[in-house]
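Note sheet for the following structure.
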Amino acid sequence: MAGNLVKIKMGRLDKIFDSVENGSLFKDKYVLQANYFPDNIPHRDKQIDQVASILAPILRGDRTSNLFVYGLTGTGKTLSVKYIKDQLLKRYKKEDTKLRILYINCKLKKVSDTEYRILAEIIKQLGSEVPATGLPTDQVYAKFVEILEEEKQSLLLILDEIDQAVKKISDSFLYNLTRLNSELSKTQISLVGISNDLKFLDSLDPRVRSSLGEEEIVFSPYNALQLKDILKKRSERAFNKGVLEEGVLEKCAAYAAREHGDARRALDLLRISAELAEREGSKKISLKYIDMANSKIDKDKIFDIVESAPRQFQLVLNSIINLNKGNQAQKTLQGTKINRIFTGDVYNNYQNLCEQTKTEILTQRRVGDLIAEMDMVGLINATVVSKGRHGRTREIKLSIPNQIMEKVSGILSERLMI
DNA sequence: CGAGATTCATGTGAAGTATACCTTTAGGCTTAA
DNA sequence: AAGCCTAAAGGTATACTTCACATGAATCTCGTA
C-alpha cells in the first residue's frame with residue numbers, strides 16, 4: 001500500500017523532472033539573464049567608439065576628460081562602459097603607474113544613499129577596509145586620499161546611476177570628488193557618470209556640471225528592429241533550435257520598444273515567456289506566452305512592492321484601496337458618478353484604520369510623502385490638482401490591475417491583521 | 001461684467017528629534033606562562 | 001603580560017515630526033460701463 005503510494009509519487013515527479021531535462025526549451029538560460037555579459041554589443045558601435053576615444057588617454061597615464069553618459073534604462077550604457085573598462089585594462093601595459101578602474105553602482109542597496117557608503121565601497125574596491133558605519137565622513141575621505149597617495153596610479157571612477165546618489169545626497173559629494181585632483185600629487189582621478197535621467201546634469205551645481213560634464217554621450221533607445229536583432233543573437237545561444245514560433249521575437253521587441261526601447265525588458269520578456277511555456281510543457285514558445293509574460297512581469301513587481309513595504313506604507317495603500325472599493329460600489333449603484341480620491345480622504349480613512357489596528361497615526365505631512373512614494377513606484381497615479389476655492393491636493397488613482405486587486409487586498413489584510 | 005484680491009487644503013522644503021545601530025576606545029577582569 | 005569582555009563615547013541611518021512658506025484656480029469684491 002505504502003509502497004504503491006511512493007511509486008505513484010515518484011512517477012509524477014519523474015515526469016516533471018523529465019520534462020525539464022529532456023523537453024527543455026533552453027540551451028543556456030543564463031544568456032537571457034540580467035547579469036549576463038555578452039561579448040559583443042550590437043548597435044552601440046558609435047557610442048562605444050566615442051567613449052573609448054575619450055577615455056583612451058588614460059592608457060598613456062594622462063588624465064582624461066570627465067565623461068557623462070546619458071540614456072534610458074536598457075539602452076546598453078552600463079554594458080558598453082563595462083566593456084570598455086575591460087578592454088582598457090587588457091590593453092594597459094605601463095609598469096611605472098598603476099591603472100585602476102572602479103565600477104560603482106550607486107543604486108545598489110548596500111552602496112546607495114549616502115556619501116559615506118559610496119566612499120566605503122570605493123575604498124573596499126581599492127583593497128582596503130572601512131567600517132560600515134561609525135566613522136565621521138571626513139575621516140573616510142582622509143583614508144581615501146591616503147590610499148591614493150600610497151603609490152602613483154591613475155584612477156578611473158565609474159559611477160553608475162549617479163542621479164540616484166545625488167538625489168539622496170547633495171551634489172557636494174561630486175564637487176568634492178572633482179576637486180580632489182588638486183589635492184593629490186601622485187594620482188589622477190577621472191570620473192565617468194552614468195545616468196538615465198536626461199535632466200540630471202542641469203540640476204547640478206554649475207561648478208560640478210562644468211567639470212563632470214566635460215564630455216557627454218547620449219545613448220539613444222533601441223528601435224524595434226535593433227531590439228529584434230539583439231533578441232535574435234541572444235536567442236540563438238539561449239534556446240534549442242526550433243522552439244521559437246514565428247513572430248515571437250518581433251512581438252517581444254515591439255512590446256519593449258513601446259517601453260522606450262528597453263533591451264532589458266525585451267530579454268526579460270523572452271525569458272519569462274519561455275519559462276511559462278516550459279512550465280506548461282509546451283514544445284514551442286508561442287505568441288500567447290508573451291502576453292502572459294508581460295502581465296506577469298507587471299504583477300510580480302506589484303506583489304514585490306506591496307509585500308516588502310513597511311507597515312505604514314501598507315496602511316496608507318490599504319486606505320486608498322478601501323476608498324477605491326467604495327467608489328466601485330457606488331459606481332455600480334448610481335451609474336456614472338465617480339468620487340475622485342484626494343489626499344484628505346485618504347488621510348481620514350488612514351486614521352480610522354490606525355485606530356482599528358492600534359497603530360500610531362502619522363502626520364499628514366508624512367502620509368503625503370508616502371503617497372508620493374507610491375506614485376513613484378507606480379502603485380498609484382497621483383497628480384496635483386487645484387480645486388480652486390477648495391484648495392490644492394493630489395488626485396489619486398489606483399493603478400493596480402483589477403485581476404490582482406483581490407490578491408493584493410488579501411496580502412494587505414493578512415500583513416496588517418485587520 | 002471683468003480684473004484683482006482672497007481663500008482653501010495641501011504641496012513642499014528645511015530643519016529638528018527619536019531610535020536603532022555601528023565602531024573605537026579604555027578600563028577591568030581572566031588566563032596562561 | 002596578553003587576551004578578552006564590556007560599557008561609554010561618538011558617529012550615521014532611518015523614519016518621523018514641526019514649522020513655515022508656496023500654490024493655483026474657484027470664488028468673492030468692487031470699480032466701471
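Each chain gets a letter, A, B and so on, in the order the sequences are listed, and its residues count up from 1. What you see is a predicted model, and the numbers here were worked out from it, not measured in a lab.
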(request) Please name all residues satisfying ring pair (Phe, Tyr, Trp, His ring centres under 6.0 Å) with A:Phe37, sequence neighbours left out, ordered by chain then number. (result) none

(request) Just grab all the side chain to side chain donor-acceptor pair (under 3.5 Å) pairs involving residues 360-377 of chain A, residues at least two apart or on different chains. (result) A:Arg365-A:Asp369

(request) Any chance you could list the contact pattern along nucleotides 4-12 of chain B? Use B for base contacts, S for sugar-phosphate-only contacts and - for none, protein heavy atoms under 4.0 Å, 5' to 3'. (result) ---BBBSSB

(message) Distance check needed: C:dT14 P versus A:Arg366 CZ, whole Å only.
(response) 12 Å

(request) Mind checking ring pair (Phe, Tyr, Trp, His ring centres under 6.0 Å) for A:Tyr36 and listing every partner two or more places apart, or none if nothing turns up? (result) A:Tyr30

(request) Round to the nearest Å and state the distance from A:Leu362 atom CG to B:dT17 atom C1'. (result) 15 Å

(message) Enumerate the side chain to side chain donor-acceptor pair (under 3.5 Å) contacts for residues 78-87 of chain A, please, sequence neighbours excluded, ordered by first and then second residue.
(response) A:Thr78-A:Asp160

(message) What is the distance, to the nearest angstrom, from the CD atom on A:Gln312 to the P atom on B:dT19?
(response) 16 Å

Per-pair distances, 0.1 Å, donor-acceptor, side chain in residues 38-58 of chain A, under 3.5 Å, sequence neighbours excluded:
residue: A:His43; atom: NE2; partner: A:Asp229; partner atom: OD2; Å: 2.9
residue: A:Arg44; atom: NH1; partner: A:Thr75; partner atom: O; Å: 2.7
residue: A:Arg44; atom: NH1; partner: A:Ser220; partner atom: O; Å: 2.9
residue: A:Arg44; atom: NH2; partner: A:Ser220; partner atom: O; Å: 3.0
residue: A:Ser53; atom: OG; partner: A:Asp49; partner atom: O; Å: 3.3
residue: A:Ser53; atom: OG; partner: A:Gln50; partner atom: O; Å: 2.9

